[in-house]
Number of protein chains: 2
Amino acid sequence: MKRSRSRKKGDIHAIAKEAGVSLMTVSRAMRGVEGVSEQRRKEIVSIARRLNYVPNSNARALALDNANLIGVSLPNLFNDVFADVLNGMRGAIEYAGYSSIVDTTDYSSKNELAWLERLLTWRPVGVVLTGVDHDPALRERLQSAAIPTLETWDYSADPIDICVGIDHREAGRQIGEYIVSLGYQRPVYIGTKPGRDLRAEDRAAGIADAFSAVGIQPVPRIAAPDASNFEMGARGFTVALEGYAPDVVFFLSDHYAVGGLMAATKMGISVPDQIGIVGYNDLAINAILPQRLTTVRTPRRQMGIMGARNLLARINNVPVEKAIALPVEVVIGDTTRQQ
Amino acid sequence: MKRSRSRKKGDIHAIAKEAGVSLMTVSRAMRGVEGVSEQRRKEIVSIARRLNYVPNSNARALALDNANLIGVSLPNLFNDVFADVLNGMRGAIEYAGYSSIVDTTDYSSKNELAWLERLLTWRPVGVVLTGVDHDPALRERLQSAAIPTLETWDYSADPIDICVGIDHREAGRQIGEYIVSLGYQRPVYIGTKPGRDLRAEDRAAGIADAFSAVGIQPVPRIAAPDASNFEMGARGFTVALEGYAPDVVFFLSDHYAVGGLMAATKMGISVPDQIGIVGYNDLAINAILPQRLTTVRTPRRQMGIMGARNLLARINNVPVEKAIALPVEVVIGDTTRQQ
DNA sequence: ACAGAATATGTTATCGATAACTAAATCATG
DNA sequence: CATGATTTAGTTATCGATAACATATTCTGT
């Protein structure tokens, strides 16, 4: 014995000795695997408890070359949007006996790649990514490692592995068409700086599609300066009013839209009489606004649950649909004129 | 060789063979530890890259009996409050070369205990808990395992190990005293059901302290029925108006307060003329409200950073203060009458 | 040019748990 | 009651990486 083998009296050997059985018997007993008589199992489990036994997942994962882990990457946690997706997902994952570990990328595909590299060293059984735009190396790495991978939130017909999401361009088109049908003619889109949130840009493109179908184009896009989501909406709104004369303003999300709506209130601009406001996501805050936003309801929780289920199926080699686009729903609120 | 040893051509042995050196040399080279000539190191690293080597953290953690992991438990992720704390913390943790894994407990100390049990099997070097109220077994487990533990958000003079937080009762007292000084006399507190959020209850107690000091008591507490935070605020507000005749309403958090404020707007109740509204946390949304909330600014990000630093110090056996209470600041807004 | 220091590299035992294989004990049935 | 089928339990080799110890090689200063 070279290394000082200071057994903290808590490992599987100690229990085996105490119980007068072999290692394997303890291992089987602790895992609830068959091959141990009920009586012995109880005995062993009680000894384990007494000795304060804490199983070593590292050893287990090493022996099995696989941890019961599913890695989840999100852009950030400041956003109730992803929290909804995540909560749905976690339930399903944990119910199936896996653990999820979550990390954030702050909308950077470089961060995302770095995160994946770290994650892979832990030998996860599955990976969940937000969105479908990634560093090219990421796709390659996942496929060469042959790890079941779910892309969610966004939709792609050609996912890395499987995908459950929303077709954001189509969603943009839907809300765009509704707004067009109300007779609006001078739209502006307020989002974040180009390249940061590609889903939002898809939506903007969908909105532009709808307007260009009736001969209105382009739909100017305004990138709000960095701040909290609420503030970006408020500031973007101000900028929009200064630089254009919009009759309707689309916002990247409800957060932004709330910012815009409040800014309008402050400025004494009447909504929807003088200007229309459109959000995205139908967040919880919408339920308590004096005027409910016209927005798009996204099935976030459902997306999380379905995504997780499909991923789990994939992990267990059950065939699943490669790519699923969930429908969204236009929510008619009080911040746009009535039909 | 019993088991089919299908080396995926990517482990440390393969690299060693390819490079014609021993395992240890590869291990040292990969870790950037001294004991390898610069030339060899480069050679080995390039071979590793070529073979698509992915280090196995499970093996590493097993060999070292310690993973570079810090487990973080939060009540939930729906809340920008904890997101702020977390972001501050993560930066510091990652900067120091550790990884953090986050999980949520949904305000249940039973969940928290279960989380800890799972976490411990991974042999983390440190643990972060939100709040100071836990299952008694949790304290014992952490102390007997001698794992550096940070309790944050809340303050306790007798932490499990170390603590960086806010004295919520004191914070409640401060805002309470300010409100008292404005001449309000019929306060109501709107929170969640008893036992769920103990910090919030501390705040309520602090507020009550302030009022009872001028002979006003009790401060009725209303528990809003479960819903989103915004909605709970809105509904609680309605209940408060029906059951009492408050001249000022304290809310568990700004989320709630925004709900209340919006409800007031809807009902045509003028704030602060007819009623005062007080929040907690000074969240981002406050910056864009038509009327800024009177609230309490909590140093969330700073708390995360300082907490992480202290925990890291603790992990490295550098002595640190056992318990730190960070100061809060009353934010004078437009939702209470002026002095 | 040579002893002792410093640097570079190899050998071996472990970390804790598990799969695969083997062996012993118990059971069922004609 | 004998014998193959079941159940229960033990033995051994591994998983991939690392610390500790041992050895070989290169410097350094006099």
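Below, all heavy atoms of this structure are taken into account, side chains as well, without hydrogens, waters or symmetry copies.
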Query - Derivation of the side-chain contact (heavy atoms from CB on, under 4.5 Å) call for A:Phe82 and A:Arg300 - result: CA-CA 8 Å; A:Phe82 301 122; A:Arg300 301 187 293 281; over 6 Å; no
Query raised in the report: Would one find a side-chain N or O of B:Ser27 under 4.0 angstrom from OP1 or OP2 of D:dA17?
Result: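 Result: no.
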Applying a 4.0 Å non-hydrogen cut-off, can you work out what [X] is touching in the nucleic acid: base, sugar-phosphate, or nothing?
X       : value
A:Ile12 : sugar-phosphate
B:Val21 : sugar-phosphate
A:Arg31 : sugar-phosphate

Of the nucleotides [options], which has the atom closest to the [X] side chain?
X       : options                : result
A:Ser37 : D:dT8, D:dG10, C:dG16  : D:dT8
A:Asn56 : C:dA17, D:dG10, D:dA9  : C:dA17
A:Leu62 : D:dG16, D:dA17, D:dG10 : D:dG16
B:Asp11 : C:dT18, D:dA17, C:dA17 : D:dA17
B:Tyr53 : D:dA17, C:dG10, C:dG16 : D:dA17
A:Thr25 : D:dG10, C:dT18, C:dG10 : D:dG10
A:His13 : C:dT9, D:dA17, C:dG16  : C:dG16

Could you give the [atom1]-to-[atom2] distance, from [X] to [N], as a whole number of Å?
X        : N      : atom1 : atom2 : value
B:Leu64  : C:dA13 : CG    : P     : 20 Å
B:Trp122 : C:dG16 : CH2   : C1'   : 13 Å
A:Leu23  : C:dT22 : CG    : C1'   : 16 Å
B:Arg60  : D:dA17 : CZ    : P     : 11 Å
B:Asn66  : D:dA19 : CG    : C1'   : 13 Å
A:Met24  : C:dA20 : CE    : C1'   : 9 Å
B:Asp65  : C:dA17 : CG    : P     : 10 Å

Do the charged groups of [X] and [Y] touch, with an N to O distance under 4.0 Å?
X        : Y        : value
B:Arg141 : B:Asp135 : no
B:Arg139 : B:Asp133 : no
B:Asp103 : A:Arg90  : yes
A:Arg50  : A:Glu18  : yes

Query raised in the report: Between the side-chain atoms of A:Arg123 and the base atoms of D:dG16, is any donor-acceptor pair under 3.5 Å?
Result: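 For A:Arg123, whose side chain was compared with the base of D:dG16, there is no donor-acceptor pair (under 3.5 Å).
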**Report entry** Contact nearer the 5' end of DNA chain C, comparing B:Ala59 with B:Ser22
**Finding:**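 Its nearest nucleotide being more 5', the pick is B:Ser22.
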